[in-house]
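To start, the structure itself, in C-alpha cells.
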Protein chains: 2
Amino acid sequence: MKQSLLHKLKDTLAGNGLKVTHQRLVIFETIDGASNHPSAEQIYDKIRKKNPSISLGTIYKTLEVFVEKGLINRVNTPKGNMRYDGIMENHNHLYCLNTNEILDFKDEKLSEIISDYLKSKKINNFNIKDIRLHITGEKIDIDKKVNFDNN
Amino acid sequence: MKQSLLHKLKDTLAGNGLKVTHQRLVIFETIDGASNHPSAEQIYDKIRKKNPSISLGTIYKTLEVFVEKGLINRVNTPKGNMRYDGIMENHNHLYCLNTNEILDFKDEKLSEIISDYLKSKKINNFNIKDIRLHITGEKIDIDKKVNFDNN
DNA sequence: CTTGCTGCAAAAGGTTTGCAGCTCC
DNA sequence: GGAGCTGCAAACCTTTTGCAGCAAG
C-alpha cells in the first residue's frame, strides 16, 4: 500500500474519532491491493489466511465505516450482492454475467459527456449525488474458448 | 391493461409451452399498472388484497419467467434488493436514496450518445448486452419540506 | 390425462445486530 | 480508564428450492 493512502486512512479515522486497529488496516490493505472488486466474503477469506481470528461481522462493520467516510466505494451488482472498490476516481464498470467479474472502465471523456449532458438538462426535483454507467455483458476470453451450460 | 399487452403475454407464454394461469395474469397486470418499480414483496402485498391465497414463492417464480422471456425487466438497486419494471423501452433510472423510489428517466438522445460512444470505442474482449445509467441522489419535494434524522 | 404450476414451508445466501470482553488512545 | 472495537452468534431479509396436490391445455 502506498504511504499516502495509509496516511489518508489514519487521518480519516483519527479525524472522526475512530480507532486505527489492526483489522481496519488489514481490511483497507486488502481492498486497496485487490483489482477484482471483492465481496465481503472474499475479503474475509483472503484475510483469514493470515489472520484466522478475524470475523465476518467485523469485515461488514468496517466496510460500512470506510464507505461512510469516503475511503472506498460500495458497488451493487446484477446478482444483488455488494462488492467493494478502492478506486475513488470517477469510473464505470463492466459486469461480466458469466464470471461475475467487475472490470474497470475508465474513460474521463465519457464521464464528462454524460455529466455535462445531465447538467444541461437540469433535472428538476432531483439532486444528483452520483452518476454511474453499468455495462453488463460477457467477457470474451481469447485464449480459452469456454462453453457454458446454457448455450 | 392494454389489450395488445395481454396478447403479448399470452402469446409469449403459449409460444414457450408455458401455461396462462390466473396468477400470471394478475402479476403481469400489477407490474404493468405500477409506475413505482415494485419489489416482489410489494407486488405480493398488492395482489394479496384481492387474492389472499397467492404465495410469495409464486411471485418470485413468475417474475423469473417474465424476465427470462423478456416481458419485464429486473432492476437492481443501491439497497441490494430487486425491483421490477414493466417498461421495456430503453430508459434509465433515478434512484432516490431517501424514499427508495425509482424514477424513470427517459432520454433517447442520451441513450444514443452513450451507445454511439461505446461503439466507437470498440471495447475489446467484452460483448455488451446492456447499457444502463444509474443516477442516484435525492428527490426534492417542492411542496413539503421534509426533515431527515441525519441532518 | 399429462405436464406444468401453485402454495407451503424449509433452506439458502448475504447482511445486520446485540453484547461481553478486549484494545487503542 | 473509558470510549470504541472485535468476535461470536443469533436474527433478519430477500430470494430459492423441493414437493405434494391442483389446474390448464
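Reminder, nothing fancy here: chain letters follow the sequence lines and each chain counts from 1.
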Expressed in angstrom and rounded to an integer, what is the separation of B:Lys69 atom NZ from C:dC5 atom P? 10 Å
Residue pair B:Arg132 / B:His134, side-chain heavy-atom distance below 4.5 Å: yes
Of the nucleotides D:dG25, D:dG7, C:dG14, which has the atom closest to the A:Asn81 side chain? C:dG14
Is the shortest side-chain N/O distance from A:Thr58 to OP1 or OP2 of D:dG7 below 4.0 Å? yes
Between A:Tyr84 (OH) and C:dG14 (P), how many Å, whole number? 12 Å
Less than 4.0 angstrom from a charged side-chain N to a carboxylate O is my criterion; do B:Asp45 and B:Arg48 meet it? yes
Tell me which one of B:Ile72, B:Ile31, B:Asp104 satisfies side-chain contact (heavy atoms from CB on, under 4.5 Å) with B:Asp85. B:Asp104
To the nearest Å, how far apart are B:His22 NE2 and C:dG7 P? 9 Å
Look at B:Glu138 together with A:Lys129 and state whether they make a salt bridge at an N to O cut-off of under 4.0 Å. yes
Heavy atoms under 4.0 Å, any strand shown: does B:Ile54 hit a base, just sugar-phosphate, or nothing? sugar-phosphate
For C:dG7, does OP1 or OP2 lie under 4.0 Å from any side-chain N or O of B:Ser53? yes
Assess whether a salt bridge exists between A:Lys139 and A:Glu101, defined as any Lys/Arg side-chain N lying under 4.0 Å from an Asp/Glu carboxylate O. yes
May I have the distance from B:Glu64 (atom CD) to C:dG4 (atom C1'), rounded to whole angstrom? 16 Å
Using heavy atoms to find the nearest nucleotide of DNA chain D for B:Arg83 and B:Thr21 separately, return the residue whose nucleotide is more 5′. B:Arg83
Taking the nucleotide of DNA chain D with the nearest heavy atom to each, does B:Leu18 or B:Lys61 sit closer to the 5' end? B:Lys61
Atom CD of A:Glu41 to atom P of C:dA12: distance rounded to whole Å? 15 Å
Is the distance from OP1 or OP2 of C:dT16 to the nearest side-chain N or O of A:Tyr60 less than 4.0 Å? no
OP1, OP2 of C:dT23 versus side-chain N and O of A:Gln23: anything below 4.0 Å? no
Gap between atoms CZ and C1', on A:Arg24 and D:dT6 respectively (whole Å): 10 Å
With nearest nucleotide decided by heavy atoms, which residue, B:Asn51 or B:Lys19, maps closer to the 5′ end of DNA chain C? B:Lys19
Please state how far atom CG in B:Leu63 lies from atom C1' in D:dT17, giving the value in whole angstrom units. 16 Å
Whole-Å distance between D:dG4 P and A:Asn16 CG? 12 Å
